[in-house]
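Because the structure is a prediction, the values reported are computed rather than measured. In listed order, ligands and their atoms are each counted from 1. The analysis underlying the following values was restricted to heavy atoms, covering all of them including side chains, and did not include hydrogens, waters or symmetry mates.
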Amino acid sequence: MICVPITAGKKKEALHAIERSCQIADFIELRMDLIGGGRLTELISTARNSFSLIKIIVTCRKKEEATPAGGSAGMGIKGAGKKTIDRKIALLKEAIELGADFVDIELTEGRAAIKELQTFCAKHGGKTKIIISYHNLKKTPALTKLKEIFHQCAKVKPAVVKIVTLANTAEDNLVTLSLIPYARKHSPEIISLCMGDKGRVSRAIAPLLGNYLSFVTMEPEGKSAPGQFTVYEMKQINELFKGERTSPLAPVLSIRTPPQNYILLGDPVRQSLSPLMHNAALKEMGIEGNYSAFCVHDLVGAIQGMRAMNIRGASVTIPFKVAVMEYLDDVDNDALKIGAVNTIINSKGRLTGYNTDWLGLILTLQEAMPIKDKTIVIIGAGGTARAAAYGIMKEGGFPIIANRTPEKGKILSGTLNCPFYSIAEIGKIKAECLINTTPVGMYPHKDKSPVKALALGGYKYVMDVIYNPLKTKLLKDAEKQGCHIFSGLDMFVHQGAEQIRLWMGVEPPRALMKKVILERLTKIE
Ligand code: NAP
């Protein structure tokens with residue numbers, strides 16, 4: 001079973017992490033030594049409201065046994081004084097009163113503290129179980145020593161014994177792994193693994209031997225201990241070892257995945273490649289669900305339907321990116337500033353709008369060139385041009401707007417406080433990069449370009465947001481002029497991947513998403 005530790009330093013981030021983790025994990029662990037702010041009652045009720053069957057572990061690791069990775073802005077439990085232990089026991093008692101499923105207490109806190117907690121649990125109906133844990137942040141002791149430690153933990157009759165040590169060598173993995181079948185012959189459940197980069201082997205193999213829980217992180221930067229896998233990596237490992245469990249008693253490594261359905265709202269949507277890309281990603285990530293395109297004539301009705309049918313998220317495309325904003329409950333700051341939404345998250349009926357077009361474009365640009373201090377000409381003054389200009393400015397670059405209709409172009413350049421040129425003047429501008437954000441040159445009008453070929457010679461980089469065809473006339477002309485060129489394909493993949501990150505909180509399989517789109521486009525061409 002999968003457990004995601006919640007370690008965010010700020011309350012808002014912690015609540016968000018809880019909501020996302022509850023959608024995918026069997027357990028969450030509230031690391032109260034790392035979570036800064038946020039009362040336990042609010043954290044627990046957020047988890048229960050997100051998924052009523054989620055199992056909650058409350059932990060308040062003391063500083064000596066807490067790993068350096070993960071957040072550090074929390075209250076922290078430092079020292080071993082009586083007052084510190086009292087504070088910690090009070091917090092764990094509060095967790096018991098609030099109905100946490102498990103509280104975790106270190107063996108080194110002593111028999112008296114553990115006994116006090118057990119008595120308190122029993123008084124409250126015994127719903128909350130105790131995990132006794134041992135952490136060695138310096139090394140992995142020999143197996144005989146670990147067995148001794150296991151018996152010391154097991155003696156106080158907890159529900160689970162957790163033993164985590166640092167792997168200094170690959171062989172250390174064998175020691176913690178060997179403890180699992182040994183411990184399983186005795187009554188409590190066991191969690192035994194190594195941390196650190198050299199300990200990743202134990203994290204991969206331990207579930208096959210019957211380790212009670214696998215600790216994983218939603219995102220690479222959110223690790224609560226070094227060596228932790230992401231949910232997605234663990235899912236891949238699970239796939240790899242399918243059917244390889246050595247013990248029939250070993251619990252199947254599960255990642256809870258209730259059906260998750262997503263939609264695309266637009267008109268027209270028939271040609272959209274988003275369903276192909278998103279469904280390939282869902283399948284690869286082992287998430288049960290579907291992404292379907294809806295040609296929408298009644299936007300209000302579509303939004304009501306999204307709430308009623310508990311659709312987890314939506315992509316929004318032409319012509320609704322601006323219009324949809326007034327029907328949402330919240331709009332994220334970036335999307336507000338851009339003035340367009342291309343992504344909606346449905347969190348228990350509350351719809352929030354985001355924009356990932358700007359991120360898709362910036363991630364693509366960054367793969368090719370530095371943006372800071374560079375002048376970049378944007379052809380167009382529509383939604384994509386606004387997203388591009390916003391991202392470029394955010395990254396410290398200088399946009400210039402060039403548009404067919406001067407009035408519209410000047411309105412945008414005035415808002416951004418940047419220069420405006422007519423399209424005919426593009427050859428005269430001194431800039432590093434040119435980006436086309438108009439539909440000119442898109443299939444089936446493949447012989448059209450918004451700019452004359454000779455105007456491109458002064459640009460080092462030329463990008464087209466169009467990805468069908470992969471090489472537009474603009475890009476072909478630019479290539480002949482010696483420019484580095486890049487199509488809208490990577491932007492399309494990145495904006496879609498960022499949607500998945502928002503909906504599911506996991507890193508999507510970008511390479512696979514690009515592959516399926518590339519295959520389809522190559523076939524079309
Ligand atoms: P939009 O808001 O309608 O804006 C279109 C812009 O293109 C306007 O500034 C318009 O100029 C200009 N334009 C249209 N036809 C033109 C023509 N014949 N000659 C010169 N300029 C023309 O559209 P959008 O949402 O920004 O989308 C623009 C393009 O970006 C679409 O092709 C879309 O598929 C693509 N896109 C790609 C990605 C990706 O991931 N790769 C993501 C988003 C969008 P006026 O002001 O003169 O009307």
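- Using a cutoff of 4.0 Å between basic side-chain nitrogens and carboxylate oxygens, Asp464 and Lys471 are not scored as salt-bridged.
- Here the heavy atom of the protein found nearest to atom 45 (P) of ligand 1 is Thr405 OG1, 3.4 Å.
- In this structure, atom 11 (O) of ligand 1 lies nearest to the protein heavy atom Asn403 OD1, 3.3 Å.
- By the 4.5 Å heavy-atom criterion applied to side chains, Tyr459 and Ile426 are counted as neighbours.
- Using a 4.0 Å cut-off between heavy atoms, Thr438 contacts ligand 1 through both its backbone and its side chain.
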Evaluate Glu367 against His494 for side-chain hydrogen bond (donor to acceptor under 3.5 Å, both in side chains), listing each step before the verdict.
CA-CA 11 Å; Glu367 280 162 8; His494 283 312; 2.8 Å; yes
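- Regarding atom 34 (O) of ligand 1, its nearest protein heavy-atom neighbour is Met442 SD, 4.1 Å.
- Under the salt bridge (Lys or Arg N to Asp or Glu O under 4.0 Å) criterion, Lys446 pairs with no residue, sequence neighbours left out.
- Remark: ligand 1 atoms within the under-4.0 Å shell around heavy atoms of Gly383 are 2 (O), 26 (O).
- Protein non-hydrogen atoms do reach within 4.0 Å of atom 21 (N) of ligand 1.
- For atom 42 (C) of ligand 1, the closest non-hydrogen atom on the protein side is Met491 CE, 3.5 Å.
- Against a heavy-atom cut-off of under 4.0 Å, Lys321 is close to the following atoms of ligand 1: 43 (C).
- The pair Lys523-Glu519 fails the salt-bridge criterion, with no side-chain N (NZ, NE, NH1 or NH2) lying under 4.0 Å from an Asp/Glu carboxylate O.
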Working for side-chain hydrogen bond (donor to acceptor under 3.5 Å, both in side chains), residues Tyr467 and Thr472:
CA-CA 8 Å; Tyr467 53 87; Thr472 55; over 6 Å; no
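- Residues Val462 and Leu474 meet the side-chain proximity criterion, which asks for heavy atoms closer than 4.5 Å.
- Heavy-atom proximity to Val440, at under 4.0 Å, picks out these atoms of ligand 1: 16 (C), 17 (C), 18 (N), 19 (N), 20 (C).
- Atom numbering of ligand 1 starts at 1 in the shown order; those under 4.0 Å from a heavy atom of Tyr467 are 41 (N).
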Could you go through the side-chain hydrogen bond (donor to acceptor under 3.5 Å, both in side chains) check for Gln228 and Thr217 one step at a time?
CA-CA 7 Å; Gln228 246 168 30; Thr217 166; 4.8 Å; no
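- Comparing Gly488, Gly382, Pro319 against atom 8 (C) of ligand 1, the shortest heavy-atom distance belongs to Gly382.
- Atoms of ligand 1 lying under 4.0 Å from at least one heavy atom of Gln495, given by number and element, are 40 (O).
- Near Ala381, the atoms of ligand 1 lying under 4.0 angstrom from a non-hydrogen atom of the residue are 9 (O).
- Ranked by closest heavy atom to atom 5 (C) of ligand 1, the top entry among Pro439, Gly409, Gly380 is Pro439.
- Protein heavy atom closest to atom 40 (O) of ligand 1, with residue, atom name and distance, is Phe492 CA, 3.2 Å.
- Atom CD1 of Ile303 is separated from atom OH of Tyr327 by 9.0 Å, given to the nearest 0.5 angstrom.
- Only one option out of Val322, Leu328, Asn355 pairs with Val341 in a side chain to side chain contact (heavy atoms under 4.5 Å, CB included); it is Leu328.
- Looking at residues two or more places apart in sequence or on another chain, you find a side chain to side chain donor-acceptor pair (under 3.5 Å) between His278 and Gln499.
- In terms of protein heavy-atom proximity, atom 30 (O) of ligand 1 is closest to Val465 CG2, 3.3 Å.
- Between Asp101 and Arg48, at least one side-chain N (NZ, or NE/NH1/NH2) sits under 4.0 Å from a carboxylate O, which counts as a salt bridge.
- Close approach of ligand 1 to Thr384 is summarised as follows: ligand atoms under 4.0 Å from at least one heavy atom of the residue are 24 (P), 25 (O), 26 (O), 27 (O), 28 (C), 30 (O), 43 (C), 44 (C).
- Of all atoms in ligand 1, listed by their number and element, those nearer than 4.0 Å to a heavy atom of Thr437 are 28 (C), 29 (C), 30 (O).
- At the shortest separation from atom 48 (O) of ligand 1 among protein heavy atoms lies Arg404 NH2, 3.0 Å.
- Closest protein heavy atom to atom 23 (O) of ligand 1: Ile318 CD1, 4.3 Å.
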